[in-house]
Amino acid sequence: MGKKLLFFLVSFCTVVFMTGCSQLRYMGSVPEESQTRIRILSGSENQELEEIIEECASQSDVQIEMDYKGSVDIMRELETGAENYDAVWPASSIWLSMGDQQHMVKHEASVSMTPVVFGIRRSLAEDLGFIGKDVSVKDILEAIRQGKMSFCMTSATQSNSGASAYIGFLYAMLGKQENMTVEDLNSEQLKSQVKELLNGVERSSGSSDWLKELFLEEDYDAMVNYECLMIDANKKLMEEGKEPLQIIYPYDGLSIADSPLGYVDHGDAQKEEAFLRFQETLLSDEIQSQIESTGRRIRADGVSEKNQSVFDSAWGIDTERILSPIRMPDGEVLMQALTLYQTELKKPSLNLYCLDFSDSMAAVGLDQLKDAMSQILIQDNARKNLLQATEGEINIAILFDDGILDILRADDISDESMQNLYDRIASYDTSGGTDIYNAAARALEEASKYPVEEYTPAIILMTDGKSSYHPEYFDQAWERYGLDIPIFSITFGSADEKQLEELAEKTEGKVFDGTKDLTEAFRSVKGYN
């Protein structure tokens, strides 16, 4: 067998810059047993580098296993020793410095860098007067205030791009680029301005790459994302004959992801030597040029002549301009800022949980469902993962089998009210068959009672079976109410993934795999609204 990479790709299902559901797929031929395996805990943005990673692994004669998770998960893993990993590769160094409390990470080096930017549809950017001028976050806020634009963004507590953009917003409204303090975060004026800005978020996501794909499929004004993903989006838009995005670098709130790769030292000299070979190959001139060709920058002072065409100036990209990024606050201030985002500043969610209580969920399935909901609804659990309820949030649970068993609501987001909602869900037992379509249609009916545009809405559907009933119920409700609400489905047991994929496609949602860990899957879904 050739010395090629056995590349384990764990699909990205984010939660609090985190993931949950894992699915292995293999790339390359099976390696020789003599090869050392390096298991890397990585941010999802590196999925686009798979072919380059495979080439580096082959050149350095190692096996690479990539486990894609979010930044907070990477931080949490490091806090507890990261026993199952040999290396970490998050989007930004901040998650290493916050998580590596045991000082196990060695040989840290930046593989590439990419700014977090706004991409605004060209015609709208022209109308706003944003082309050919320096644009501030406050300029964007004014456009939102006037109702001239909205945007899509990943959640600040689910994705590094969202967190980076959000911290940039805070600095911009404070009028400085470093040394943010806890006292700064207590400013009512700051809270008011940032909340107003975040009210301009039309769709949220737990994954930067998924956000890009959503944007390409729909007709949104703008998005906040990595420059490299904006470049990829523009290539696809141009191929389809559509107008490109104008890339905007807010001068008062710009952040840069530095993609650090570091070794987690568990005392295995052979693994350390193999890691260094792989890292050296990854940082070689040849491979760095390949990475640059994907739209990532490899140095702060511009790009190579060879890859200049990738960074098309017609899209607003200025490789000659010196980017002045904000300085990330220390760990305590950052965590407080993220908590503030989650509990007060983000657009409130309208959560419609459709929960399968059919007979097939008896025993193990029911226990796992109740555990999953306890991690979302019981606020002491939710706080551990920055998933606590937001001020103004609506939580509705629709319990179903082949009919509607009950519709339960939390009166508010107090710990007591959310606990009470959980207790009522947990008191139910299983019965009957499975009708996901009736439950989803009822969720649309419930959502129609609220001003949906004031929320980030989502129908979160969990089922372990195949629905044999009433697909027309959902189709009729979808047409009747005309609401833009995604359905995020979670598969469990023998759930019919085809039915769930059809619902996701129709509503611009997503299907998550809960067969291995239902609790993690629910946490993953919550990253998307």
Side-chain angles (χ1 to χ4, degrees), residues 5 7 9 27 40 42-60 64 66 68 87-93 96 107-119 160-161 164 208-209 211-213 216 223-239 244-249 254-262 275-325:
L5 166 72
F7 186 95
L9 174 61
M27 299 173 59
I40 301 176
S42 170
S44 68
E45 64 283 341
N46 291 324
Q47 285 177 295
E48 291 195 339
L49 301 178
E50 287 167 12
E51 292 184 5
I52 294 174
I53 292 170
E54 183 171 3
E55 180 180 343
C56 290
S58 179
Q59 288 185 25
S60 52
I64 295 294
M66 299 289 282
Y68 294 108
V88 285
W89 193 356
S92 174
S93 296
L96 295 187
H107 312 304
E108 179 186 339
S110 173
V111 175
S112 64
M113 61 188 73
T114 188
V116 178
V117 298
F118 272 85
N160 181 71
S161 66
S164 298
S208 301
D209 193 64
L211 183 72
K212 178 201 71 176
E213 295 301 325
L216 290 171
M223 69 170 164
V224 175
N225 217 321
Y226 297 120
E227 180 188 61
C228 60
L229 294 185
M230 297 289 190
I231 290 172
D232 186 61
N234 270 351
K235 288 178 180 177
K236 293 177 180 177
L237 288 169
M238 297 294 282
E239 288 171 3
L245 296 168
Q246 183 74 15
I247 298 177
I248 304 294
Y249 305 82
L254 183 71
S255 58
I256 293 179
D258 61 344
S259 188
L261 173 63
F275 168 84
L276 289 172
R277 288 201 309 273
F278 172 74
Q279 186 186 60
E280 182 179 6
T281 305
L282 197 60
L283 296 175
S284 67
D285 290 344
E286 177 188 355
I287 298 298
Q288 286 282 286
S289 180
Q290 290 183 41
I291 291 173
E292 189 181 50
S293 72
T294 69
R296 291 159 172 80
R297 304 189 187 213
I298 57 174
R299 62 179 195 263
D301 59 347
V303 301
S304 67
E305 184 176 349
K306 178 181 179 181
N307 292 315
Q308 186 68 52
S309 62
V310 175
F311 300 81
D312 194 336
S313 60
W315 300 336
I317 302 175
D318 184 357
T319 57
E320 301 300 318
R321 176 180 180 176
I322 297 176
L323 301 177
S324 300

Practice task
Indicate whether the side chain of E280 and that of S60 have a donor and an acceptor atom separated by less than 3.5 Å.
Solution key: no
Practice task
Could you tell me the separation between the OH atom of Y249 and the CG atom of L254, rounded to the nearest 0.5 Å?
Solution key: 8.5 Å
Problem - Distance in Å, I40 CD1 paired with I53 CD1, rounded so as to fall on 0.5 Å steps - result: 6.5 Å
Practice task
Applying ring pair (Phe, Tyr, Trp, His ring centres under 6.0 Å), name anything that partners Y226, two or more places apart in sequence or on another chain.
Solution key: none
Exercise for the section: Would you check if W89 and M66 make a side-chain contact, meaning some heavy-atom pair closer than 4.5 Å? Expected result: yes
Problem - Point-to-point distance, once rounded to the nearest 0.5 Å, from OG of S293 to CD of Q288 - result: 11.0 Å
Practice task
Taking all non-hydrogen atoms of both residues into account, name the closest pair between M230 and G119 and its distance.
Solution key: CE-N, 3.2 Å
Problem - Interatomic distance, S304 atom OG to R299 atom CZ [nearest 0.5 angstrom] - result: 6.5 Å
Handout entry: S58 side chain vs E54 backbone, donor-acceptor pair below 3.5 Å
Key = no
Problem - salt_bridge(K306, E292) N-O dist < 4.0 Å - result: no
Problem - Expected output: side-chain R296 to main-chain T114 donor-acceptor under 3.5 Å - result: no
Handout entry: Electrostatic pair K236:E213 at N-O distance under 4.0 angstrom
Key = yes
Completion exercise
Minimal heavy-atom distance between W315 and V310, with the atoms involved, is CZ3-O, 4.1 Å
Fill in the blank from the handout: So CD1 of I64 and SG of C56: to nearest 0.5 Å the spacing works out to 9.0 Å
Practice task
Give a yes or no on whether the backbone of D258 and the side-chain of S110 come within a donor-acceptor separation of less than 3.5 Å.
Solution key: yes
Exercise for the section: Give the intermediate values and the outcome of side-chain contact (heavy atoms from CB on, under 4.5 Å) for residues V116 and V224. Expected result: CA-CA 7 Å; V116 178; V224 175; 3.8 Å; yes
Practice task
Begin with the C-alpha distance, continue with both residues' side-chain angles, and end with the deciding distance and a verdict on side-chain contact (heavy atoms from CB on, under 4.5 Å) for I231 and F311.
Solution key: CA-CA 7 Å; I231 290 172; F311 300 81; 3.8 Å; yes
Handout entry: Taking every non-hydrogen atom, the tightest pair across H107 and Q279
Key = O-NE2, 2.8 Å
Handout entry: Evaluation steps, side-chain hydrogen bond (donor to acceptor under 3.5 Å, both in side chains), between T319 and Q308
Key = CA-CA 8 Å; T319 57; Q308 186 68 52; 3.0 Å; yes
Handout entry: More than 12 heavy atoms from other groups under 6.0 Å of CG on D301
Key = yes
Handout entry: Closest heavy-atom pair and its distance - C228, G295
Key = CB-O, 3.4 Å
Exercise for the section: With side-chain contact (heavy atoms from CB on, under 4.5 Å) as the test, would you mind laying out the steps for N234 and D312 before giving the verdict? Expected result: CA-CA 10 Å; N234 270 351; D312 194 336; over 6 Å; no
Exercise for the section: Among V117, L229, L216, L245, find the residue that satisfies the side-chain contact (heavy atoms from CB on, under 4.5 Å) test when tested with M223. Expected result: L245
Practice task
Would you please test L261 and F275 for side-chain contact (heavy atoms from CB on, under 4.5 Å) and show each step?
Solution key: CA-CA 10 Å; L261 173 63; F275 168 84; 3.8 Å; yes
Exercise for the section: Using atom types as modelled and distance alone, determine if a side-chain donor or acceptor of S164 lies under 3.5 Å from a backbone N or O of N160. Expected result: yes
Handout entry: Which atom of Y68 lies closest to which atom of S44, heavy atoms considered
Key = CD2-CA, 3.8 Å
Practice task
Decide, yes or no, whether a salt bridge links K212 with D209 under the criterion of side-chain N to carboxylate O below 4.0 Å.
Solution key: yes
Handout entry: For I298 against I291, the heavy-atom pair lying closest together
Key = CG2-CG2, 4.4 Å
Practice task
Please round to the nearest 0.5 Å and tell me the distance separating atom OG of S313 and atom CG of D318.
Solution key: 8.5 Å
Practice task
Using a strict cut-off of less than 4.0 Å between a Lys/Arg side-chain nitrogen and an Asp/Glu carboxylate oxygen, indicate whether E227 and R297 qualify as a salt bridge.
Solution key: yes
Practice task
Compare all side-chain heavy atoms of P115 with those of P325 and state whether any distance is below 4.5 angstrom.
Solution key: no
